[in-house]
Every structure is written in structure tokens, then in C-alpha cells.
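The basis for the numbers below is simple: all heavy atoms, side chains too, and nothing from hydrogens, waters or symmetry mates. Here is the naming used below: chain letters follow the sequence lines, and residue numbers restart at 1 for every chain.
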Protein chains: 2
Amino acid sequence: MFEWLKRLVVGRPLRSDRLGEQLLSKRIALPIFASDPLSSVAYATQEILLVLTLGGLAYLYLAPWVGLAVVALLAVVVVSYRQVVRAYPSGGGSYEVASRNLGPSAGLVVAAALLVDYVMTVAVSVAAGVDNIISAVPALNPYRVAINIGFVALLTAMNLRGVRESGRAFAVPTYLFVVGVLSMIAIGVGQTVLGHPPVAESAGWQIQPEPAQVGLTGIALVFLALRAFSSGCTALTGVEAISNGVPAFRPPKAGNAAKTMAAMGILSITMFAGITALALIADVRYAEHTCDLVGFPGDCATDAQRTVIAQLAAAVFGGTGSFMFFYIQAATALILILAANTAFNGFPLLGSILAEHRYLPRQLHTRGDRLAFSNGIILLALVAGALIYMFDGSVTRLIQLYILGVFTSFTLSQIGMVRHWNRLLRVEPDPRQRRHMHRSRIVNGLGAVFTGLVLVVVLVTKFTHGAYLVVIAMPVLFVMMRAIRAHYDRVAAELAPDPGGMVLPSRIHAVVLVSKLHKPTLRALAYARATRPDTLTALTAAITPEEVRQLQLEWGAHDIPVQLTVVDSPYRDITGSVLSYIAELRVGHPRDLIAVYIPEYVVGRWWEHLLHNQSALRLKARLLFQRQVMVTNVPWQLDSSHADHRQAADLRPPAGVAG
Amino acid sequence: MFEWLKRLVVGRPLRSDRLGEQLLSKRIALPIFASDPLSSVAYATQEILLVLTLGGLAYLYLAPWVGLAVVALLAVVVVSYRQVVRAYPSGGGSYEVASRNLGPSAGLVVAAALLVDYVMTVAVSVAAGVDNIISAVPALNPYRVAINIGFVALLTAMNLRGVRESGRAFAVPTYLFVVGVLSMIAIGVGQTVLGHPPVAESAGWQIQPEPAQVGLTGIALVFLALRAFSSGCTALTGVEAISNGVPAFRPPKAGNAAKTMAAMGILSITMFAGITALALIADVRYAEHTCDLVGFPGDCATDAQRTVIAQLAAAVFGGTGSFMFFYIQAATALILILAANTAFNGFPLLGSILAEHRYLPRQLHTRGDRLAFSNGIILLALVAGALIYMFDGSVTRLIQLYILGVFTSFTLSQIGMVRHWNRLLRVEPDPRQRRHMHRSRIVNGLGAVFTGLVLVVVLVTKFTHGAYLVVIAMPVLFVMMRAIRAHYDRVAAELAPDPGGMVLPSRIHAVVLVSKLHKPTLRALAYARATRPDTLTALTAAITPEEVRQLQLEWGAHDIPVQLTVVDSPYRDITGSVLSYIAELRVGHPRDLIAVYIPEYVVGRWWEHLLHNQSALRLKARLLFQRQVMVTNVPWQLDSSHADHRQAADLRPPAGVAG
């Protein structure tokens with residue numbers, strides 16, 4: 001049943017040697033790795049406007065400048081990361097750059113930052129996608145969170161099936177979105193040039209200003225502008241995804257990845273600039289709280305305002321009933337929800353690299369049936385789903401937790417790149433190469449300065465709005481990963497084989513546990529005898545004198561050629577009595593091996609377990625803590641165990657005690 | 001930590017040989033086994049009045065007759081059960097009588113009925129006790145359910161500590177209650193004789209009649225009277241508890257038990273008759289829904305009406321502020337809550353007998369640290385707590401599910417007793433003995449007829465009010481117990497030793513599973529070699545060619561004297577690959593034994609388990625289903641496993657896989 005369901009969702013298992021087939025062409029890699037930065041133009045403008053109109057419409061004049069700053073930053077970061085892709089084509093990305101050049105601790109900080117940000121990418125992108133669906137079909141507003149969770153589940157299932165199939169599914173909507181948005185921008189600009197600029201449905205509305213934000217001057221005004229800039233920087237998230245995904249490209253991997261990154265950067269900048277310009281032309285109004293909108297036609301307590309991109313599509317293409325409005329909304333929703341896939345590619349890959357370096361549990365390095373890192377995919381889905389649930393699927397609330405991590409990793413990796421060039425310059429004699437390196441160092445240096453400044457701005461402007469959660473989460477992750485690494489190192493040192501090699505025990509004492517005289521017991525005795533131990537004891541614990549007498553009678557009647565030893569158990573604690581017998585034996589024979597044989601019978605149905613004591617399990621767990629002891633289960637398969645054991649065995653505890 | 005908490009609640013373990021000390025004197029046995037019937041006088045009268053006033057005050061004239069019928073029935077049942085105690089002093093009670101005389105199926109019906117009723121005894125008694133606490137302190141009404149659950153937990157803890165200690169705790173309040181109620185009746189009757197009859201606080205209130213119950217005549221009137229009688233029969237519950245508890249009495253067990261039962265019967269009848277008479281004299285009004293009371297001073301939606309016994313105590317002793325009012329309420333609440341203890345004594349005992357007869361899981365026959373049947377106690381508490389929670393701790397709603405089971409068992413056991421005397425009369429020659437038996441047969445015959453009639457009345461009048469749940473639960477329990485017995489019988493037949501005895505396997509093939517070359521692997525190889533198997537294989541599954549090559553290199557470097565065998569695992573499913581290797585081995589050597597050695601390392605902290613694959617557990621579970629296979633765990637104890645393993649071992653899964 002479970003197996004059948006798994007096959008339905010995940011598909012048939014793939015052989016390990018099919019791993020090489022899963023490489024991506026540029027045409028497929030662009031939508032997979034660039035859907036995040038491309039799609040974020042759908043909400044970056046909106047989040048800028050939302051902050052600027054906190055104090056009413058008075059500060060909207062700042063919007064073009066904020067937009068320009070974001071565009072400039074985007075250009076700097078894309079150019080910087082093309083250097084990273086060429087210098088470190090192994091797919092370690094920012095993590096590798098930071099750890100190689102700034103030491104393992106810096107790498108781990110970057111890793112913690114990226115893990116947090118991958119989670120936020122899923123949460124924010126899915127929430128924004130659902131927002132755009134609701135803009136087209138407002139009746140779905142009450143089911144917002146459920147729809148969000150449903151999409152996360154769908155993405156999880158797609159990714160568990162493996163990377164290439166999900167890539168194909170993503171190519172079409174990404175291109176549809178790019179074509180749709182570029183057409184919308186072209187037509188809107190054309191209308192403006194022809195003297196009929198588009199007018200948004202919200203153009204006439206007023207916005208109730210927050211009292212604290214009215215009449216700002218000086219530092220307070222700068223702070224508001226910086227806060228809007230911080231929100232706009234969400235357009236930069238996911239730029240580094242390509243640098244983490246280089247090994248998934250077809251050869252020449254680094255070259256193809258760098259070209260893909262350039263294409264992505266140009267598209268991103270064009271679309272973001274176009275949408276921001278159109279939004280200002282069409283007088284779009286967007287408020288954090290719907291009830292602050294004076295003129296909003298619906299019930300502001302239950303209805304949602306349309307997203308900025310939805311308002312633009314309606315204004316440019318002739319209303320919310322037009323075909324192109326639905327086309328834009330569908331493409332936007334699809335690319336946003338699929339943008340979350342960037343994280344579903346990046347998170348498990350980074351997790352597996354960290355697990356390989358023993359900073360995360362090794363299960364994250366295991367490939368599933370379909371060659372995907374299944375555990376990482378499931379972990380990501382669980383955490384992102386929980387965040388969406390906690391924040392009611394609100395983009396504006398989730399976005400406060402976003403991009404802090406991205407800019408941490410941007411800054412550290414750019415600093416790392418500067419050191420990388422410094423190191424190479426120390427040994428490079430060729431003047432042409434040196435010129436090239438000097439240029440690259442300037443690019444990365446500028447990148448480091450800008451992203452570092454933005455990091456400070458983001459931290460300061462978003463801290464109290466939710467970013468403090470990330471400020472807590474990142475160090476916790478960092479410390480946890482260090483602790484995991486320390487554990488694995490300690491275990492490895494403890495388990496390293498001695499030069500001596502194998503040491504055989506002097507003698508073997510076999511102890512067969514007996515509760516009743518039945519076939520499992522006889523089989524255990526036979527098996528124990530067959531190993532020819534130096535001593536062989538049949539051991540039983542006395543709960544009541546009658547039971548012992550009965551057992552001794554049967555023992556005699558069956559002519560068992562092994563002496564029955566009875567240990568007292570005055571407190572009815574079989575486990576304790578057996579353990580103290582074994583402990584005494586150990587003290588008496590410190591160089592010998594004690595082999596404990598436990599007869600068990602194996603039942604086939606789950607409820608049958610309830611009918612048999614589980615004391616064997618407990619005894620086994622305790623015996624494992626004793627040195628010089630090995631524990632042998634001698635199973636007796638009851639008829640019921642054969643009916644369906646193949647399907648069910650994984651779901652059951654191993655066996656009941658024979659008694 | 002868990003151990004410490006358990007000791008705090010349960011106390012130190014007791015030795016099995018202290019079991020004999022736990023016998024009860026009559027003075028202690030009376031409160032233990034008779035607190036249920038004695039305490040039920042606190043609500044039986046109230047439930048009669050409640051039904052009779054469904055149609056307003058018009059039918060109250062029926063109350064004395066209903067009360068008399070209950071008294072007569074109580075006398076018949078007590079006399080009948082004295083016969084049971086003398087005839088079957090082994091403590092099987094109704095269950096034993098029915099199974100011996102009417103066959104095992106009848107016995108099982110009785111058992112199912114009693115199990116249901118023990119649960120209801122706990123639920124109803126605790127709920128009624130809390131009702132009386134709220135009568136004294138009305139402010140507690142919002143916390144009704146929480147207080148109920150708290151008392152169930154307290155009773156559970158007390159009973160887990162063992163029978164005698166709980167007995168002492170119960171003796172005092174039972175006697176306080178008896179003395180208090182008898183004084184209240186005496187004083188109240190005295191006041192009436194002197195011409196100043198007590199007047200209840202509700203004497204002037206009117207009751208809103210249910211439209212369907214107005215102006216009843218003929219069969220409808222009889223039905224109402226019978227419904228009131230059914231509710232009053234709750235006074236009879238727990239009468240059989242003494243017959244189930246005979247072995248707990250000091251010798252002469254049967255004689256002491258019969259005397260205790262007589263004392264209980266006389267006290268019960270006196271108190272029930274007295275309270276009913278006083279309630280009628282004082283004009284107590286009590287309605288199912290508080291809002292039906294015209295004249296109720298509080299807010300009928302949130303406040304609760306005072307119980308009948310509370311109203312009487314206030315009327316007789318001079319108001320709700322008097323000392324004696326609080327004394328009566330405290331004693332009533334205490335005895336009611338402790339009456340639930342009858343079930344905490346009876347249910348685990350019956351469960352243990354049924355488990356001994358293999359009708360219930362054998363865990364119910366295991367005595368805990370303090371010699372009580374802990375599992376039965378915990379099971380009872382869980383089910384009763386759930387019922388209280390489901391029915392909001394309402395006595396009137398819970399009581400609908402009550403006494404159906406009791407009268408099923410009364411009727412069947414009395415029929416069984418008639419057959420018992422018939423059988424004895426067939427062989428008894430002594431005329432004096434025969435006369436005695438004839439008399440006994442008449443007593444039990446009358447008992448059977450009366451209780452059978454009441455059973456039908458209860459079934460008919462209460463079915464739609466909730467008793468249908470019991471009508472469903474009893475057959476389900478019955479079928480379940482039959483299925484459990486069938487399972488145990490099947491297993492016993494399958495496991496019965498053959499006359500041949502032990503059959504040694506021809507040869508032993510040892511297979512040591514290897515994932516890495518470290519100390520646990522070397523130890524497993526050494527142990528496997530020490531058992532001198534006929535063949536010895538070191539088996540590893542190939543996930544990636546690099547890992548295999550690395551392992552082979554180390555293998556050569558350490559000069560391991562065992563050949564390393566590699567099985568391909570193209571789908572990365574180690575469990576499956578190892579299983580097919582073993583299966584092939586089995587087919588090739590059908591008469592041999594295959595010993596699989598699994599090196600494990602044992603960690604000490606719970607989170608360390610998360611860092612190691614649990615695939616060894618899964619592999620072991622699957623191997624247990626293979627014939628001719630035994631599985632040996634060779635543990636390697638990491639340093640962290642020694643810090644605190646004694647406390648924690650029970651709480652942990654056994655071990656992570658070494659690899």
C-alpha cells in the first residue's frame with residue numbers, strides 16, 4: 001500500500017548509472033535556475049510601492065530612484081557572479097568560494113545563510129504565486145493557505161521524480177512569462193508614447209497614511225527610502241542559484257553557466273525596470289493593509305487587493321475580463337510557483353555537499369529511487385510549508401525574513417573572490433592574465449562593497465519587522481552544523497581500526513534465553529549448539545515458582561541435552577535479572593565472548609504485535625550497551641508472517657518475544 | 001528522568017513474595033468493594049426525580065413506588081449474590097458462574113458486559129463526585145471536565161501503588177459518608193416528626209414540562225415510570241464487585257465476603273430509602289436542563305443546579321453555609337470519587353483472569369512493580385477519561401450508558417446459579433443439604449427473573465438515550481476476545497514442540513555485513529570467525545564504484561584474512577541487495593543455517609541517532625522473515641553510550657548502523 005503510493009508519486013526507481021543523463025542544456029537550465037530572479041519582478045515593484053506609501057502618496061517621488069538603485073545593484077551582482085561561475089565550476093558556489101578563501105567557518109556562515117534563504121524562496125514565491133491566482137479569481141481568497149500548501153506538495157512530488165523531468169515542465173511557463181511581460185511593457189510604453197497611458201483600477205484611490213510616517217524629513221526620510229530599497233532587493237534573490245548548479249550544465253559547464261547568467265541578468269533588469277516604470281505611469285496604489293485604501297470597492301476585511309502586475313495587465317490589455325489579463329496572471333502564477341523550484345534544486349544539492357563534508361546528517365547525501373536527494377527535498381518542503389502556515393501565506397509578512405541570508409552570502413563570497421584574485425596574482429607571471437585578474441578583482445571588490453552595504457541596510461530596516469527571526473536562525477544553524485561535524489569526527493577517530501587488526505576472543509559462552517519450551521526455543525538451542533560454543537546455558541527467569549516447575553517438567557520430558565539454569569526474578573523484571581546474570585558472567589571471564597540467543601516468533605499482522613510482550617526488544621536494547629556481548633535473534637516465522645511480509649515488513653517493529 | 005518520575009508516582013518495586021501480605025480485613029474490604037453501591041445513593045434518587053419531572057410536577061406521585069421497586073430489587077440481588085460468593089470463592093464472580101454453568105460463550109458475554117460497566121463506574125462516579133464539589137463551590141463549574149480528569153489521574157496513581165495502601169485511604173471517607181448520611185436522615189425524619197419538615201431551596205420552583213411528556217396515560221405513563229426505575233437501578237451497580245474480590249479477603253474468605261455483602265446491602269437500602277423519602281418530604285426539584293427550572297436564581301446557561309443530596313444537606317442542617325453542609329458534600333464527593341476505585345480494583349482483576357484464559361492480551365496478566373495489574377489500571381483510566389471528556393462530565397448523559405452491562409451479567413450469572421444447583425441436586429443424597437439447595441435455587445431463580453425483566457426494561461427505556469452505544473460495544477468486545485483467543489490457540493498449536501526435539505543444521509554459513517572498515521566491522525569479523533563457521537563471507541553492497549575501490553584498498557592494507565564479496569546495488573537499495581544475496585544462499589543450501597552478523601555502534605544521546613542511518617534496523621526486520629537465517633548484532637559501544645545508558649536505554653531505539 002505505502003509502496004504503491006510511493007511508486008505513484010515518485011515513479012519507478014532509476015539505476016545509479018543513469019545519473020549522467022540528467023545534464024541540462026542552456027535552454028532548460030535558464031528556466032530552472034533563473035525562474036527565481038525572473039519571477040521576483042512580479043512582487044519586487046509592489047513591495048517598493050507598499051513601503052513608500054506607508055505615509056500616504058507623498059513619498060512616491062522616491063520610487064524611480066529606489067528602482068534605479070535596485071537595477072544598478074542587480075547588474076553589479078550578476079557581473080560579480082559570472083566570475084564565481086568561471087573560477088569555481090564545481091557547483092560549490094558561494095559556499096565553496098567562502099570556505100576556500102576565508103576558511104571553513106566563513107563557508108559555514110554562507111551555508112547557513114543559503115539554507116535559510118532557500119526555505120524563504122519557496123515560501124515567498126509560492127505565496128506570491130497564489131496571490132496572483134487570487135487576483136484573477138478573487139473567490140479563492142478564503143482558501144489561500146490550503147492552496148499554498150497544495151502547491152508545495154506538488155513541487156515536492158515533482159522534484160522527488162528527478163531533476164530533468166521537472167526541468168522540462170518548467171521551461172514553457174518561464175518563457176510564456178517572459179514573453180507576456182515584455183509584450184505588456186512594450187504595449188504599455190507604446191500607449192504612453194501615443195498619449196493614451198494605461199490607468200490602473202486603483203489610480204483614483206487614496207491611502208490612509210500611518211501617523212508615524214507623515215511629514216518625514218532628514219534621516220527618517222532616508223530610512224523610509226532604504227526600507228523600500230531593501231524590499232526591492234528581493235529582485236536579486238536566486239542570482240547565485242546558477243553558480244551552485246554548474247555541474248548540472250552540459251559541457252563546457254562554466255561557459256554555458258556564465259552565458260545563462262548573463263541572459264538572466266539582462267532579462268531581469270529589463271522586466272523589473274519596465275514594470276516599475278509602468279506602475280508609476282499607471283498610478284498603481286498598493287497598501288500593506290487593504291483597509292488603508294480609501295476607495296477600495298470590496299469588503300476590505302475579507303477581500304484582497306489585486307497585485308501590481310495584475311493591475312498593470314488589466315490597465316494595458318483592457319480590463320480584468322480580457323484574455324491577455326488571464327494570460328499574464330496564469331503565466332505569473334506559474335512562474336512564481338515554479339520559481340520555488342530553484343530552491344528545490346539548490347537546497348538538496350547544498351545539503352548533500354554539507355552532508356558530504358559531515359556538517360549535516362549523512363541521510364541528506366543519499367540519493368533516492370529517482371536519483372534526487374529525496375531527504376533534502378522533503379525537509380525543505382516541511383520547513384517552508386510550516387512557515388507559510390505560520391504567516392498565513394502573506395507575501396508582505398514573509399518577505400521580511402527574506403534576502404538577509406542572500407546578502408550575507410553575496411558579501412562573503414565577493415570578499416572571498418577578492419582574496420582568490422590576490423592569491424592568484426601572487427604567482428601569476430603573464431602580464432595579460434594579470435591585467436585580466438586585476439579587472440576581475442575590481443569587479444568583485446565593488447560587488448563586496450555594495451552587497452555589504454545593502455546587507456547592513458537590510459539588517460537595520462527589516463530587523464524589527466521579522467528579520468530578527470533569521471538573525472536567530474542563522475547562528476543556530478551554524479552552531480548545529482559545527483556540532484554535527486564534531487560528532488562525526490569524534491566517532492570516526494574512535495572507530496579507526498588499530499594496527500593490530502582482528503583480536504579473536506579466548507572462549508565463547510552461549511546463553512539461550514528460555515521463556516517456554518516450544519519450537520522457537522528448540523531452534524535457538526539447536527543453532528546455538530551448532531556454533532560449538534565453549535559453554536552452553538539455557539537461561540530462564542523465575543517469575544512464579546509454578547511456572548518454573550512446569551518448565552522443568554517439560555524440559556525433562558523432552559530430554560533436552562542442555563542444563564536449564566534458573567535465575568530468580570523477585571521483582572518480576574526479566575530484563576534486569578538476565579542483565580545481572582550476563583554482567584556476572586562478564587566479570588568472571590573478561591577476555592571471553594558472550595553470545596546471547598533470543599528465540600523470537602515473527603507475526604504477520606500489525607495487531608498481532610499487541611498480543612505479545614515486547615520485552616525482547618527492551619532486553620536487546622539493553623544488551624547492546626554491554627561490552628563483550630553479541631545478541632543473536634533466532635526467528636521462528638509463524639504462518640501469518642508469510643501472507644504479506646514483503647509489503648509490510650518495513651512498517652513493523654521487528655518481532656514479539658517468544659514466550 | 002522517566003524512571004525517577006515513575007518511582008515518585010508508583011513507589012519502590014515490591015518483591016513477588018510480598019503478594020500474600022496484600023489481603024484485606026472486612027473493615028477495609030467494605031469501603032473498597034462497597035463504595036460503589038453505597039455512593040450511588042448520592043445520585044440514584046436524583047436520576048429518578050429527573051425523569052419523573054420531565055413532564056412537570058404532575059407525575060411525582062410515582063416516586064415512592066419507583067423507590068420501593070429499586071429497594072426490593074436491591075434486596076433480591078444482594079441475597080442472590082451471597083450465594084455466588086459462597087459457591088464460587090475463587091474470585092471469578094459472575095464470569096466464572098456463567099462460563100462454568102452456561103458455557104464459555106456466556107462467560108465471555110458476562111465478561112464483555114462487566115468490562116464496559118467497570119469503565120462506566122469510573123466515569124459516572126467521578127462525574128457525580130465533581131458534581132457535588134461544584135454544588136458546594138459553584139465557582140468551579142467552568143473547570144468541570146478538567147477536575148474530572150484530574151481525579152481519574154489521581155486514582156490511577158493510587159492504584160498503581162498497590163491495593164492495600166489504596167484500601168486504607170478509602171476506609172475513612174466511606175465511613176464518614178455513611179455516618180453523615182445516616183445522621184442527616186435521622187435528623188431530617190426527626191424534624192418531620194416534630195412538625196418542622198426540612199424545606200429544599202428548590203421547593204418553590206416550577207419545572208417547564210417537555211410538551212411530549214404532558215398528560216401521559218396508560219402505556220406512556222408506565223413507560224415513564226419504567227424509565228425512572230431504570231435510572232434508579234444505578235443504585236445496584238457494584239454489588240458484584242465483592243464476588244469478584246473474594247480472594248482479596250482474609251480467610252475464611254467466602255464467609256467474610258458474604259458478611260461484608262450483607263452489611264453493604266443493609267446500608268445501601270437504608271440510605272437509598274432515607275434519601276428518597278427526605279427528597280419527597282423536602283419538595284426537592286431537579287431537572288435535566290437547568291433552564292427548565294422556573295425560579296432558578298442563577299444564569300441557567302452557565303451555572304449548575306445543586307445536587308439532590310446537597311439540597312437536602314442544606315435543608316436539614318441550616319443552609320449552604322453550615323459546617324454540616326460542607327461535611328456532607330465533602331464526604332459525598334470523596335466517596336463518589338473513591339467509588340470509582342471499585343472499578344480500579346475489579347477491572348484489572350477481571351482483565352488479568354481473561355488474559356490468563358487467553359481472551360485478552362497477556363500484558364494484562366503481568367503484575368507491575370507494586371504487584372498491581374498496572375496495564376489494566378492504565379487502560380481503564382484512559383477509556384474512562386475519554387468518555388468523561390466526550391460527555392463533558394455530565395452524570396445524566398453518562399448514566400444512560402450505565403447498568404445495561406451490569407444487568408446482563410446479573411441475569412446470566414443468576415441463570416448460571418440455577419443450573420449450578422440443578423447439577424448439585426442430581427448427585428446430593430443428604431436431605432438436609434438438599435433442602436438448603438432447593439432454597440438457594442429459589443433465591444437465584446427469583447434473582448434471574450427479576451434481573452432479566454429489569455434488563456429488558458433498561459434496554460427498552462434507555463436505548464435511544466445513549467445505551468445503543470453499549471449495545472454496540474459489548475458484541476464488539478465479545479468478538480474481539482474470541483479472535484484473540486483464536487490467535488493464541490493457533491500460535492500455541494503452531495509452536496508445540498515436535499517429538500523429534502532439536503534438529504541441528506548441517507552446516508553454518510556466516511555472512512558479515514561490511515559498510516566501512518572500522519573497529520565494529522573488525523569485531524564482527526572476529527566474533528564470526530570465533531564461532532568456526534563452515535564458510536565465512538564479508539559482504540558489502542556497491543553504491544558507487546569509488547566507495548568499493550576505497551574499501552578494497554583499505555581491506556588489502558589491513559591484511560584482513562577474509563575475502564571481501566561485493567554485491568551490486570544499482571538502485572542504491574542496500575537492504576534489497578543483501579536480501580537477494582541471502583535468498584540465493586538459502587536456495588543453494590536448503591538444509592544449512594545462515595548466520596548474518598551486523599556490526600553496529602551504540603550511541604548515547606538521542607540526537608546522535610538522527611546522525612546515523614537506520615538501515616540496519618530495516619534490514620534486521622526483513623531478515624527475520626527469512627527461514628534458516630539468524631541475525632547477530634555485534635555492538636560497538638561508543639564512549640558517549642556509557643555516560644547515562646542505565647537510565648536511558650529503555651527510551652531509545654537500539655542502535656544506528658555502523659557505516
Side-chain angles (χ1 to χ4, degrees), chain A residues 13 15-17 361-363 367 369 484 487-488 491 494-497 501-505 508 517-520 522 525-527 529-532 558-559 570-572 593 601-602 608 610-611 613 618 620-622 624-625 627 630-635 637-639 641 645 649-650 652 654-655, chain B residues 13 15-17 361-363 367 369 484 487-488 491 494-497 501-505 508 517-520 522 525-527 529-532 558-559 570-572 593 601-602 608 610-611 613 618 620-622 624-625 627 630-635 637-639 641 645 649-650 652 654-655:
Chain A
R15 288 177 63 94
S16 300
D17 46 25
R362 69 183 72 194
Q363 288 91 325
R367 286 183 190 272
D369 283 345
I484 289 173
H487 169 79
Y488 280 132
V491 169
E494 224 179 307
L495 296 184
M502 287 160 58
V503 183
L504 292 188
I508 300 187
L517 185 58
H518 48 25
K519 282 176 178 164
L522 290 176
L525 282 168
Y527 285 5
R529 275 191 98 189
T531 65
R532 279 155 290 177
H558 278 82
D559 247 348
Y571 294 100
R572 302 165 304 288
L593 167 64
Y601 43 75
V602 183
E608 293 179 332
L610 302 176
L611 302 179
N613 285 331
R618 191 154 68 161
K620 268 192 284 182
R622 297 284 291 268
L624 289 178
F625 285 91
R627 293 192 187 276
M630 69 181 190
V631 183
T632 301
N633 310 303
V634 183
Q637 295 82 10
L638 287 172
D639 287 343
S641 73
H645 78 268
D650 290 359
R652 271 196 304 265
Chain B
R15 288 177 63 95
S16 300
D17 47 22
R362 70 183 70 195
Q363 289 91 324
R367 286 184 189 271
D369 282 345
I484 288 172
H487 169 79
Y488 280 133
V491 169
E494 226 179 302
L495 296 185
M502 286 162 58
V503 184
L504 292 188
I508 300 186
L517 184 60
H518 48 27
K519 283 176 178 165
L522 290 175
L525 282 167
Y527 284 5
R529 278 191 98 189
T531 66
R532 280 154 289 175
H558 279 81
D559 246 346
Y571 295 100
R572 303 163 304 287
L593 168 64
Y601 44 73
V602 183
E608 292 179 334
L610 303 177
L611 301 180
N613 285 332
R618 192 154 68 161
K620 268 193 284 183
R622 296 284 292 267
L624 290 177
F625 285 91
R627 293 190 187 276
M630 69 181 191
V631 184
T632 301
N633 310 303
V634 183
Q637 294 83 10
L638 288 172
D639 287 344
S641 73
H645 79 268
D650 289 1
R652 270 198 303 266

To the nearest 0.5 Å, atom CG of A:L517 lies from atom CG of B:L495 at 11.0 Å
At a heavy-atom distance under 4.5 Å, which candidate from A:I484, A:T632, A:V491 has the highest pair count against chain B? A:T632
Just verifying a value: how many Å separate B:L638 CG and A:H487 NE2, rounded to the nearest 0.5 Å? 7.0 Å
Where do B:E494 and A:Q637 come nearest, in terms of heavy atoms and distance? OE2-O, 4.2 Å
Taking all non-hydrogen atoms of both residues, which atom of B:A496 and which atom of A:K519 are closest, and how far apart? O-CE, 3.2 Å
For the residue pair A:H518 and B:P497, what are the closest heavy atoms and their distance? CA-CD, 4.0 Å
Picking from B:N633, B:D559, B:T531, which has the most non-hydrogen pairs under 4.5 angstrom with chain A? B:N633
side-chain contact (heavy atoms from CB on, under 4.5 Å) involving A:P505 - partner list, sequence neighbours excluded: A:L593, B:Y527, B:A530
